[in-house]
Amino acid sequence: MIKTVSTTPYADQKPGTSGLRKKVPEFQRPNYAENFIQSIFDSLEGYQGKCLVIGGDGRYYNRDVIQKAIKMAAANGFGKVMVGKGGILSTPAASHIIRKYKAFGGIILSASHNPGGPTEDFGIKYNIGNGGPAPEKITDAIYERSKVIDSYKISDFPDINLDRIAREDIGGMIVSVIDPVEDYAALMEELFDFGAIRNLISLGFRLCFDAMSAVTGPYAKEIFEIRLGAPDGSVRNFLPLPDFGGHHPDPNLVYCKELYDEMMGDDAPDFGAASDGDGDRNMILGRDFFVTPSDSLAVLAANAKLARGYSNGLAGVARSMPTSAAVDHVAKRLGIGCYETPTGWKFFGNLLDAGRITLCGEESFGTGSDHVREKDGVWAVLFWLNILAKRGESVEQIVRTHWREFGRNYYTRHDYEEVPADAAKAVMARVQEQLAKLPGTTLAERRIQSADDFAYHDPVDGSTSEHQGLRIVFADGARIIYRLSGTGTSGATLRVYIESVEPDASKQNHDAQEALRDLIEASLQLSDLRRLTGRNAPTVIT
Ligand code: VG1
Ligand code: CO
């Protein structure tokens, strides 16, 4: 039976960089999740009788919201729901399932790299039929709807058993509980040379993958250990836990310190990698060597032809604005298009759909291609393994050779987390008010060429997205960028991104923090950040 339940709107259901993210207790308020899900459905047209994919990263509250979403999909007239067993689907796997089965769209339950648990974060994101995050036109419509919603529809059948693979007709809708890994693993086998990687591993190459007690565990176990033959134990923290073992499932130098320390220590494996809560991020480490995500994108672009799925070369590449320009140098050499988009994967969708780009990435440990419409952690790891198997060199050798050939973009991001919103806004305002008079002046002994509030004009659909970060660009290619995070759930997170270009091979061996010291200091002075926030140091440096 279908029930129509009356409700009152919440004013704060504005999707951020990647869906709606809030603390679990906020999501547990009466009808909070229901309101948002109904607002999604109310913003869509033409889904009657079609298929909806539902899955999440296994965090606390995942199963509850999945049951609600299934019952609401039935009541709203979807013909079918495909849901991952155990409620599990990594974000890239969900994207693939949507595309492969030509679903109308999907609901992904995740707050990605944010911590999980009863008092931590939860999130809901809607993906469209191309498998990618809904574009701003839709997320804006969802938000508008959520502000006036007065009822939602839900079927009252019993909870679905999510723990066995089955297909049932319930309440006039097919519910199919699917293996979350199978289709995804098959896609990876098409794109990469598993034989070459298996061979590399059989010759003694040691890899270590940290799933951070999040969603990639089952994927990594199946792919790295079972299909590629890495010894048992190569995949760590492989059991998805509702609270990620109490950690931030964020693969960076701070939250994935154990793996990092191991990779920097004696007897380190040849290769280390990690992914985040929902499986779309990746961190790549070689023995005693950290690969900056921006460099990783550039290396993958330069070596793409070594992987089967990209042997015909690349149509073009794209990076988010704060990502370093390392990949631009590769695109130039290859003579292919290079696009600069705002932060967030939703901005790559049109370029991928239009066939303008094949690879894209973000500085925030996100890399992906046209195989799905999300960034993809395990995919990036396999791409690296494929290149390592084909080149027979170490991670460090490959990156250092790359720098010599294309120049090195020294890069760092400084995050100031949980800053009071007013203080963060004041920092942005302080920079904003100076933008107009900066071009032509000198800062950190470099001439400023341009300074603006980044606005993106989508070349495919003609839409414009404004206020995507404040950027200061120097004549020598260096940049300082200030941006407020759109994924945090407490206070504001201020991000400062700093980059310089070093074409001279004899000067490419410095530590990034050292090489960028003058620009970092200049960024603090220009924004008056220390005084306005009371912070003397960033929370996270990558
Ligand atoms: C951050 C990253 C951004 C990424 C987004 C979602 O956003 O900077 O590059 O696309 O997270 O990633 P923000 O607005 O906090 O800077 V995920 O893996 O959290 O879905
Ligand atoms: Co993520």
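All values below come from the heavy atoms of this structure, side chains included, with hydrogens, waters and symmetry mates left out. Just so it is clear, the structure is predicted and the values come from calculations on it, not from any experiment. When a ligand or atom number is given, it counts from 1 through the structure's own listing order.
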> Any heavy atom of K125 sitting closer than 4.0 Å to ligand 1?
Replying inline: no
>> Taking 4.0 Å as the limit for heavy-atom contacts, which would you say applies to S485 with ligand 1: side chain only, backbone only, both, or neither?
In response: both
>> Is the contact between R21 and ligand 1 made by the side chain, the backbone, both, or neither, using heavy atoms and a 4.0 Å cut-off?
In response: side chain
> To the nearest 0.1 Å, how far is atom 6 (C) of ligand 1 from its closest protein heavy atom, and which atom is that?
Replying inline: K375 NZ, 3.6 Å
> To which protein heavy atom is atom 10 (O) of ligand 1 closest, and what is the distance rounded to 0.1 Å?
Replying inline: E362 OE1, 2.7 Å
> Which residue owns the protein heavy atom closest to atom 7 (O) of ligand 1, what's the atom, and how far is it?
Replying inline: T487 CG2, 3.5 Å
>> Applying a heavy-atom cut-off of 4.0 Å, say which part of T91 lies close to ligand 1: side chain, backbone, both or neither.
In response: neither
>> Tell me every residue that passes salt bridge (Lys or Arg N to Asp or Glu O under 4.0 Å) with D353, counting only those two or more places apart in sequence or in another chain.
In response: R373
> Where's the contact between E374 and ligand 1, heavy-atom distance under 4.0 Å: side chain, backbone, both or neither?
Replying inline: neither
>> Going by side chain to side chain contact (heavy atoms under 4.5 Å, CB included), name the residues that satisfy it together with M82, two or more places apart in sequence or in a different chain.
In response: C51, V53, K80, I97, Y101, S176, I178
> Can you name the side chain to side chain contact (heavy atoms under 4.5 Å, CB included) partners of S146, sequence neighbours left out?
Replying inline: Q13, S39, Y143
> Any N/O of L484 closer than 3.5 Å to an N/O of ligand 1?
Replying inline: no
> Has the side chain of E262 got a donor or acceptor atom that lies under 3.5 Å from a matching backbone atom of Y260?
Replying inline: no
> Polar-atom distance check: W345 versus ligand 1, any N or O pair below 3.5 Å?
Replying inline: no
> Counting no waters, what protein N/O/S atoms lie under 2.8 Å from the Co ion (ligand 2)?
Replying inline: S112 OG, D276 OD2, D278 OD1, D280 OD1
> Are the charged groups of K346 and E362 less than 4.0 angstrom apart, N to O?
Replying inline: no
> Are the aromatic ring centres of H248 and Y255 under 6.0 angstrom apart?
Replying inline: yes
> Taking both backbone and side-chain atoms of Y497, is any N or O found less than 3.5 Å from an N or O belonging to ligand 1?
Replying inline: no
